[in-house]
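Some notes on the structure that comes next.
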Amino acid sequence: MSYNFKQIENKWQRYWSDNNTFKVNNNSDLPKFYVMDMFPYPSGAGLHVGHPLGYIASDIFSRYKRLKGFNVLHPQGYDSFGLPAEQYAIQTGRHPKETTEENISRYREQLDRLGFSFDWSREIRTSNKDYYKWTQWMFIKLYESWYDYEKNQARPIKELILIFENEGNKKINACCDDGLELFSSKQWHSFSEFEKTKILLGYRLAFLSEIDVNWCPKLGTVLANDEIIDGLSERGGHEVVRKKMTQWSIRISAYSQRLLDGLEDIDWPEPLKEMQKNWIGRSDGAMVSFDVEKFEDKIEVFTTRVDTIFGVTFMTLAPENPLVRKITTQENMKSVDDYIKKSAKRTERERMSDVKSISGVFTGAYAIHPFNDEKLPIWISDYVLAGYGTGAVMAVPCGDQRDYNFAKFFNIPIKNIFLDKDISKEAFGNKDGFVLSNSDFLDGLNFKDGLALAIKKLNDLKKGVHKINYKLRDAVFSRQRYWGEPFPVYYKNDMPVMIEKDYLPVTLPDVNKYLPTEDGKPPLGNSDEWAWDTVKNKIVKNSLIDNKTVFRMELNTMPGWAGSSWYFNRYMDPKNNTNFASKDALNYWKEVDVYVGGSEHATGHLLYSRFWQYFLYDLELVPVKDYAKKLINQGMILGNSAFIYREVGTDNYYSKTIEKDVKFQLVHVDVKYVNTNDELDIEGLRNWQPQFKKATFEKKDGKFLVKREVEKMSKSKYNVINPDQICNDYGADTLRLYEMFLGPIEQAKPWNTAGISGTFSFLKKFWNLSHKSGELSVNYEKPSKESLKILHKTIKKVEEDINNFSFNTSVSAFMICVNELTSLKCNNAEIIKTLTVLLSPFAPHICEEVWSKLGNKESITFQSFPLFNPEFIKESSIEYPVSFNGKMKFKIMLDSSNTADEIKTNISNDERLEKYLNGREIKKIIAVPGKIINIVC
RNA sequence: GCUUCGGUGGCGGAAUUGGUAGACGCGCUGGAUUCAAAAUCCAGUUCUUUCGAGAGUGUGGGUUCGAUUCCCACCCGAAGUACCA
């Protein structure tokens with residue numbers, strides 16, 4: 001029997017599990033190395049071949065680092081709270097906990113078949129109460145902290161209270177923008193407890209406030225900005241509308257600048273950093289204050305172009321701006337009111353899809369230009385966003401295309417402040433290549449100087465300041481869902497109170513149904529045991545609420561990103577019950593050295609978790625600021641979908657490229673009924689779905705061909721390839737190698753099962769190096785020079801490639817190596833032993849088998865990675881290509897130790913030179929030792 | 001629109017600081033083995049060709065003895081983002 005992958009893989013998977021081979025200790029003299037994958041959400045569909053791509057890469061790297069003598073932490077867990085389990089619960093009434101557990105065990109089975117070296121003793125699940133106890137604890141920490149903009153870090157709220165008691169909030173507010181009303185220390189002391197609580201909420205990092213949220217009626221919950229794609233919910237693609245609600249938020253905006261700066265210190269993919277930069281959206285500009293005629297109120301605007309301030313001809317407010325109703329004149333009230341109502345009704349999606357049409361109304365009020373006291377009409381329009389800046393803009397039609405279009409549409413004057421620039425057709429929006437004119441004291445200046453002078457003058461008048469604005473919004477932290485972490489919060493006089501740490505976790509109550517209550521409360525409102533007894537310090541029946549000792553609990557739960565924002569710290573010490581991780585464990589493992597996962601989390605998890613770690617770092621709860629030094633984004637493996645042509649309204653299907661004068665529509669068919677030549681198994685299809693049972697299929701030239709298209713791999717597209725199937729047919733080692741061989745790890749690439757035979761036969765050839773007719777057959781003599789050369793060439797290449805995460809080229813290197821050794825008929829034990837260790841990170845099962853057959857008792861896991869010896873690949877003579885003017889003509893054998901001059905002398909003596917010179921004169925000979933000779937003529 | 005990444009055979013993809021373009025694998029063609037098939041092995045496989053050679057890495061230009069690689073302009077594709085003032 002030759003290479004029996006089934007038996008081998010079973011044997012070694014059992015061996016690793018029985019011997020706890022991959023269990024890792026927190027106490028070790030070895031240097032540490034931490035390799036982590038983004039933990040999966042255990043969905044009901046199970047894994048397809050795309051999922052393990054990143055896990056295979058990280059596993060190869062982990063196994064490589066073990067061979068290199070590191071103490072490697074390579075854990076895995078589950079992000080097990082989330083929407084799909086809850087949607088399923090709504091449909092079936094089954095507890096999400098049950099279905100989640102089933103999904104997890106299916107995931108585990110699939111993962112185990114691939115031979116990963118995870119330390120499963122450290123498994124974590126975000127939905128376990130021992131885990132979310134600490135998520136709740138950290139939420140309390142966020143609640144009990146405020147952001148000190150002067151020191152630029154989070155500090156305990158107790159210290160803020162001390163400051164308020166001593167000096168009020170004057171100094172604090174001076175350095176932050178969303179400052180609240182000023183009060184003195186005396187006033188602070190005079191406030192009631194209720195008022196104090198309310199004021200403090202304005203400073204806490206976790207706070208409760210009434211805000212505009214993205215409400216998804218279909219899902220019955222709010223969503224964060226990153227959970228909305230194209231104005232529709234990421235999950236399910238439902239409509240999202242704006243709505244005012246009282247919600248928990250996290251003050252991530254306080255960390256905008258640090259999150260931006262921190263990108264410099266981490267080795268993350270450039271495109272991903274770019275996405276985070278855009279999301280944070282820093283823009284440097286000024287805050288300008290415009291007086292409003294006949295009112296005390298001022299309009300604050302944010303602008304990046306103060307230099308164009310003399311080009312302002314009107315002001316525009318967002319319809320939601322609270323000032324609008326106040327300043328609108330009587331005769332304009334009706335049209336303004338109608339406009340506000342109309343735009344409030346529009347969904348985000350409508351607003352977005354309707355970018356081009358111009359709309360707005362005049363309020364009848366006027367603002368006053370800060371420098372020349374000109375009257376500027378105040379308009380409202382929904383091209384101004386309430387959520388960005390101050391929800392108001394100073395409109396400069398000559399310099400901004402939107403303002404320009406608006407002015408043209410409503411016949412508002414356009415003033416040209418750019419010297420000799422034509423603005424009759426469009427605005428001049430460039431920041432360079434112009435000189436200001438018509439601009440009073442700014443005349444003759446360029447962008448940079450104009451900007452500086454305008455800000456200075458505004459400063460003098462106390463009408464404007466330099467200001468940096470960020471797009472990054474505070475993150476909404478409440479979800480109206482069941483399957484998430486409950487808040488450790490109860491309400492006393494409608495003000496939130498945190499449940500003390502000693503009584504955590506606050507466990508999720510059971511409910512009889514998972515939908516919102518009749519009166520629209522979140523699902524937790526269905527529980528009749530969700531009240532907090534402040535005497536017994538435990539959850540009690542709702543009927544006991546008396547608002548004296550028993551209080552109502554928070555009904556919302558936390559969002560999916562809560563649990564995933566800190567899980568990398570928990571792996572270090574996952575069973576700790578007195579702390580989220582011990583100081584010793586945190587100090588030993590510090591941070592993740594290599595983090596592998598998809599770039600789709602760029603502006604979600606990967607931003608939130610950075611923020612969360614900064615916060616923990618500020619409170620000195622973790623020893624490092626950045627939790628992941630290096631990040632690798634694995635690309636998606638795409639499916640190769642199959643379609644057949646159906647005549648619209650009939651059950652007639654046609655082969656591809658058939659010519660028929662009828663209307664076709666494309667119908668997905670399961671790829672398992674299509675062979676590698678794109679031919680459809682019609683009989684199989686008939687049994688697949690009833691609609692095909694009696695359908696007619698018209699072939700072309702005796703064949704029924706499908707149309708192929710590359711799409712995302714998904715159950716609904718019937719293009720899913722299951723890794724279990726591949727493991728059955730070819731084995732896990734082949735699958736691992738093939739997934740790596742497909743192409744660069746970070747690139748998206750289509751799956752094509754046909755190509756897998758290449759890696760499969762590679763493993764068979766590797767097996768046959770040491771086996772003859774099923775028996776071990778090796779020689780123990782001294783290895784030949786040639787075989788050593790092949791081996792060391794491979795060691796060098798493979799090690800370089802692993803360090804560059806270029807696994808596709810290292811698989812190629814192995815193939816070349818085995819092919820060459822095979823043609824040498826090399827079955828030398830020493831060579832095979834070394835090669836086996838080298839290959840073991842990629843194909844661990846077969847390597848363990850060969851390794852043990854060669855007489856080794858220990859697992860190959862902790863052997864030493866082979867040392868590359870350059871002596872073996874040294875060549876005394878090399879074939880040099882000789883080219884004329886860069887065109888290769890012939891080859892010449894020369895000594896590799898020759899200097900450039902010696903090479904030149906040698907080439908001059910070669911008789912072939914004459915022939916190729918063909919009478920031309922040599923101008924120059926370029927020789928690079930070991931590489932190339934070029935003759936310029 | 002903006003930002004980022006990419007464009008190389010029939011296909012997936014290689015190519016160190018600019019130095020033999022197409023490694024490796026799939027597919028295809030021919031051959032060996034076989035009663036036959038599968039499996040395996042060997043040879044070939046960018047295109048054109050008068051078999052000398054010529055052209056060739058999205059297009060056009062530039063730098064260089066020499067460009068897939070560097071520079072400029074453009075075309076196409078993917079991802080992200082968007083009335084962001």
Side-chain angles (χ1 to χ4, degrees), chain A residues 2 229-230 269-279 281-283 285 288 301-305 308 316 318 351-352 354-358 381-385 387-396 399-403 405-406 429 469-471 599-600 602-603 633 635-636 676-677 737-738 741-744 746-762 764-765 768 797 800 804 806 808-817 819 822-823 879-891 922-928 930-937:
Chain A
S2 59
I229 314 268
D230 291 337
E270 220 35 67
L272 190 127
K273 285 189 184 180
E274 207 57 46
M275 278 163 71
Q276 291 208 345
K277 272 182 205 164
N278 291 339
W279 193 262
R282 177 190 153 113
S283 58
V288 186
V301 302
F302 174 74
T303 175
T304 53
R305 296 295 304 272
T308 64
T316 318
R351 264 196 172 194
M352 279 169 60
D354 189 25
V355 168
K356 277 175 201 89
S357 73
I358 296 164
S381 172
D382 63 7
Y383 86 82
V384 178
L385 302 175
Y388 184 73
T390 57
V393 300
M394 57 174 228
V396 184
D400 182 287
Q401 196 57 44
R402 287 156 312 172
D403 296 345
N405 295 344
F406 195 84
N469 208 30
Y470 301 92
K471 272 195 269 182
S599 62
E600 67 271 22
T603 53
N633 281 140
M636 230 187 306
T676 48
N677 295 326
L737 280 166
Y738 186 56
F741 183 69
L742 273 176
E746 68 277 6
Q747 210 170 83
K749 54 225 158 219
W751 177 266
N752 174 15
T753 306
I756 204 167
S757 60
T759 43
F760 187 52
S761 62
F762 158 72
K764 281 190 283 193
K765 283 184 216 164
N768 288 335
K797 174 80 177 140
E800 277 170 9
N804 293 326
S806 174
N808 55 330
T809 49
S810 37
V811 176
S812 295
F814 280 120
M815 289 177 171
I816 295 168
C817 176
N819 281 344
T822 305
S823 61
E879 209 172 30
Y880 283 72
V882 180
S883 56
F884 290 75
N885 293 337
K887 294 249 183 288
M888 218 279 285
K889 295 294 179 187
F890 63 94
K891 288 176 183 175
I922 296 176
K923 284 192 185 137
K924 201 162 58 168
I925 297 177
I926 296 158
V928 182
K931 266 190 179 171
I932 194 148
I933 302 163
N934 188 36
I935 296 166
V936 184
C937 47

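Chain letters run A, B, ... following the sequence lines, proteins first, then strands; residues in each count from 1. A quick note: this is a predicted structure, and the numbers were derived from the prediction, not measured.
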Closest-nucleotide ordering on RNA chain B, the 5'-leading residue of A/Met394 and A/Ser599:
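Nearest-nucleotide comparison on RNA chain B picks A/Ser599.
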Query raised in the report: So which one's nearest nucleotide on RNA chain B is more toward 5', A/Asp403 or A/Lys924?
Result: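 Its nucleotide being nearer the 5' end, the pick is A/Lys924.
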- Residues in salt bridge (charged side-chain N to carboxylate O under 4.0 Å, His left out) with A/Glu800, at least two apart?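 Testing A/Glu800 for salt bridge (charged side-chain N to carboxylate O under 4.0 Å, His left out), a comparison that skips the adjacent residues, returns A/Lys796.
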Go through the structure and list residues passing salt bridge (charged side-chain N to carboxylate O under 4.0 Å, His left out) with A/Lys797, not counting sequence neighbours.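 Partners of A/Lys797 under the salt bridge (charged side-chain N to carboxylate O under 4.0 Å, His left out) test: A/Asp801.
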OP1 or OP2 of B/C83 under 4.0 Å from side-chain N/O of A/Gln401 =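 Checking A/Gln401 against B/C83: no side-chain N or O falls below 4.0 Å of OP1 or OP2.
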- Task: Verify the contact: side-chain N or O of A/Arg282 to OP1 or OP2 of B/C84, cut-off strictly under 4.0 Å; return yes or no.
- Result: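 Looking at the OP1 and OP2 atoms of B/C84, neither is under 4.0 Å from any side-chain N or O of A/Arg282.
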Given protein heavy atoms under 4.0 Å, the one-letter contact record of nucleotides 21-28 of chain B, with B base, S sugar-phosphate only and - none, is simply --BBSS--
Can you list everything that forms a side-chain contact (heavy atoms from CB on, under 4.5 Å) with A/Arg402? Sequence neighbours excluded, please.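 A/Arg402: side-chain contact (heavy atoms from CB on, under 4.5 Å) contacts with A/Tyr383, A/Asp400.
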Base of B/G13 relative to its sugar, syn (within 90° of 0) or anti?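 It is anti.
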Checklist entry - If you round to the nearest 0.5 Å, how far is OG1 of A/Thr316 from CG of A/Asp382? => result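 The distance works out to 11.0 Å.
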Point to revise | OG-CE distance between A/Ser761 and A/Met815, expressed to the nearest 0.5 angstrom | key: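 The CE atom of A/Met815 is 7.0 Å from OG of A/Ser761, to the nearest 0.5 Å.
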For [X], report the nucleic acid contact type (base, sugar-phosphate, nothing); a contact means any heavy atom under 4.0 Å.
X        : result
A/Lys764 : sugar-phosphate
A/Ile926 : base
A/Pro744 : sugar-phosphate
A/Glu270 : nothing

Choose from B/U81, B/C84, B/G19 the nucleotide whose nearest atom is closest to any side-chain atom of A/Ile932.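 For A/Ile932, the side-chain atoms sit closest to B/G19.
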Where the side chain of A/Asn278 is defined as all heavy atoms beyond and including C-beta, which of B/C84, B/U3, B/U20 is the nearest nucleotide?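 The answer is B/U3, which lies nearest to the side chain.
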A/Met394 versus A/Asp403, closest heavy-atom pair with distance: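 Heavy-atom minimum between the residues: O-OD2, 4.0 Å.
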- Query: At their closest point, which heavy atom of A/Thr304 faces which heavy atom of A/Ser283, and how far apart are they?
  - Reply: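 Looks like CG2-CB, 4.0 Å.
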At a cut-off of 3.5 Å, list every protein nitrogen or oxygen paired with a nitrogen or oxygen from nucleotides 51-58 of chain B, distance to 0.1 Å.
none

**Asked** Using Watson-Crick pairs (N1 to N3, plus N6-O4 or O6-N4) and G-U wobble pairs, both distances under 3.5 Å, which stems of at least 3 pairs involve RNA chain B?
**Response**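 Correct response: B:1-7 with B:75-81, B:10-12 with B:24-26, B:27-32 with B:40-45, B:46-48 with B:53-55, B:58-62 with B:70-74.
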_Would you say that A/Tyr738 contacts A/Phe762 through its side chain, given a criterion of any heavy-atom pair below 4.5 Å between the two side chains?_
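Answer no - side chains too far apart.
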